[in-house]
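Written out below as structure tokens is the structure these notes cover.
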Amino acid sequence: MNSAVLRGLVRAASAAALLLAVTACSSSSPEAAATSSPSAAASPGQQQTRASTPSSPSERSTAMAIRVTLDGRPVEATLNGSPTARDFAKLLPLTLSLEDFHGIERVADLPRKLATSGAPEPATAQVGDIAYYAPWGNLALFHQNGPAPSADLLVLGHLDVSADQLGRATRITIDAAS
């Protein structure tokens, strides 16, 4: 074998070995990322995303059952265990007049603003969600899915009611469950 060819092969093999060693030690390699990344549990091709909804009640404190009537009809409802939901529960019992807001939610003013420290991450309100809009200090009941998540809108709980019934509601009474 020609000595020039042999030297070229040795250089290529050395370069390949060096490249392999650097790649194996790098944390940016797929293998290293799989062992050190929180998304390591995701299967190949899947991307694990952080939920934008509030943490589950088991990750906070336990959900609170409440008694709710809409226009005199009882509906099932719960508050999540967030600090803001617990502060809202301190206002109970409440009877509020509801008004339409942009064809998406029914709103009512609360007697005072709620504490918002320790609030869960912003989430998009869904049909039936009970939420608190911090800048205005009002209660919002969504009969359509809400806008994009906002730090100003805190989901407090959920009403188990049809969007149609909620969209027509004019009065809500909320009391602590006994």
Side-chain angles (χ1 to χ4, degrees), residues 36-42 46-178:
S36 64
S37 167
S39 62
Q46 287 182 334
Q47 185 177 32
Q48 187 178 38
T49 59
R50 184 174 179 176
S52 63
T53 59
S55 58
S56 71
S58 63
E59 293 172 346
R60 292 187 304 260
S61 58
T62 306
M64 301 172 274
I66 52 175
R67 286 192 319 238
V68 173
T69 59
L70 283 175
D71 297 329
R73 292 181 172 162
V75 297
E76 296 289 321
T78 56
L79 294 177
N80 61 41
S82 70
T84 306
R86 288 192 308 268
D87 191 33
F88 174 71
K90 292 176 186 175
L91 296 176
L92 303 180
L94 284 174
T95 298
L96 304 167
S97 295
L98 299 171
E99 298 176 16
D100 179 66
F101 187 74
H102 293 294
I104 296 173
E105 58 194 276
R106 306 297 288 174
V107 297
D109 292 327
L110 292 174
R112 66 168 171 81
K113 289 200 171 199
L114 302 177
T116 58
S117 63
E121 288 188 40
T124 300
Q126 302 296 310
V127 172
D129 279 351
I130 303 167
Y132 175 66
Y133 187 64
W136 295 350
N138 69 357
L139 189 67
L141 309 171
F142 284 83
H143 58 89
Q144 300 293 322
N145 289 340
S150 163
D152 293 331
L153 184 67
L154 307 174
V155 175
L156 304 178
H158 193 79
L159 298 165
D160 196 12
V161 63
S162 74
D164 187 50
Q165 181 183 352
L166 189 52
R168 291 188 323 261
T170 59
R171 191 164 191 81
I172 187 169
T173 300
I174 309 167
D175 200 355
S178 40

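Only a predicted model underlies this, so the values are computations on that prediction, with no experimental measurement involved.
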Taking the side chain as everything from C-beta on, heavy atoms only, tell me whether [X] gets closer than 4.5 Å to [Y].
X: Leu96; Y: Arg106; answer: no
X: Ile130; Y: Ile66; answer: yes
X: Gln144; Y: His102; answer: no
X: Leu139; Y: Phe88; answer: yes

### Query
Are the side chain of Tyr132 and the backbone of Thr84 linked by a donor-acceptor contact shorter than 3.5 Å?
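Not confirmed, Tyr132 side chain does not pair with Thr84 backbone.
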### Query
Do Asn138 side-chain atoms and Ala108 backbone N/O form a donor-acceptor pair below 3.5 Å?
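Checking the backbone N and O of Ala108 against the side chain of Asn138, no donor-acceptor pair under 3.5 Å is found.
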### Task
Quick one: which residue pairs count as a salt bridge (charged side-chain N to carboxylate O under 4.0 Å, His left out) with a foot in residues 169-178, not counting sequence neighbours?
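Listed once each, the pairs are Arg67-Asp175.
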Could you tell me which non-hydrogen atom of [X] sits nearest to which non-hydrogen atom of [Y], and how far apart they are?
X: Pro74; Y: Gly72; result: CD-O, 3.8 Å
X: Gly118; Y: Pro83; result: O-CD, 3.5 Å
X: Ala119; Y: Leu154; result: CB-CD2, 3.7 Å
X: Asp87; Y: Ala115; result: OD2-N, 2.7 Å
X: Pro147; Y: Thr124; result: O-CG2, 3.2 Å
X: Ala65; Y: Thr78; result: CA-CG2, 4.2 Å

### Polar side chain donor-acceptor pair, Asn80 to Ser82, under 3.5 angstrom
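Ser82 and Asn80 do have a side-chain donor-acceptor pair below 3.5 Å.
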Taking atom [atom1] of [X] and atom [atom2] of [Y], what is their separation to the nearest 0.5 Å?
X: Gln165; Y: Asp71; atom1: CD; atom2: CG; answer: 7.5 Å
X: Lys113; Y: Tyr133; atom1: NZ; atom2: OH; answer: 9.5 Å
X: Glu105; Y: Leu153; atom1: CD; atom2: CG; answer: 7.0 Å
X: Asp100; Y: Thr170; atom1: CG; atom2: OG1; answer: 12.0 Å

### Among Asp160, Leu159, Leu94, Leu141, the one residue meeting side chain to side chain contact (heavy atoms under 4.5 Å, CB included) with Val68
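Among Asp160, Leu159, Leu94, Leu141, the one meeting side chain to side chain contact (heavy atoms under 4.5 Å, CB included) with Val68 is Leu159.
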### Query
Knowing that exactly one of Asp129, Ile172, Leu98, Leu70 qualifies, which makes a side chain to side chain contact (heavy atoms under 4.5 Å, CB included) with Leu166?
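Of all the options given, the one that passes is Leu70.
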### Query
So does Arg73 have more than 12 non-hydrogen atoms from other groups sitting under 6.0 Å from CZ?
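Count not over threshold, so no.
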### Message
Taking atom CD as the centre, does Gln126 end up with more than 12 heavy-atom neighbours from other residues, nucleotides or ligands that are less than 6.0 angstrom away?
### Response
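Count over threshold, so yes.
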### Message
According to side-chain hydrogen bond (donor to acceptor under 3.5 Å, both in side chains), who are the partners of Thr95, at least two apart in sequence or on a separate chain?
### Response
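By the side-chain hydrogen bond (donor to acceptor under 3.5 Å, both in side chains) rule, Thr95 matches Thr173.
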### Task
Go through Leu91 and Leu114 one step at a time and tell me if the side chain to side chain contact (heavy atoms under 4.5 Å, CB included) criterion holds.
CA-CA 9 Å; Leu91 296 176; Leu114 302 177; 3.7 Å; yes
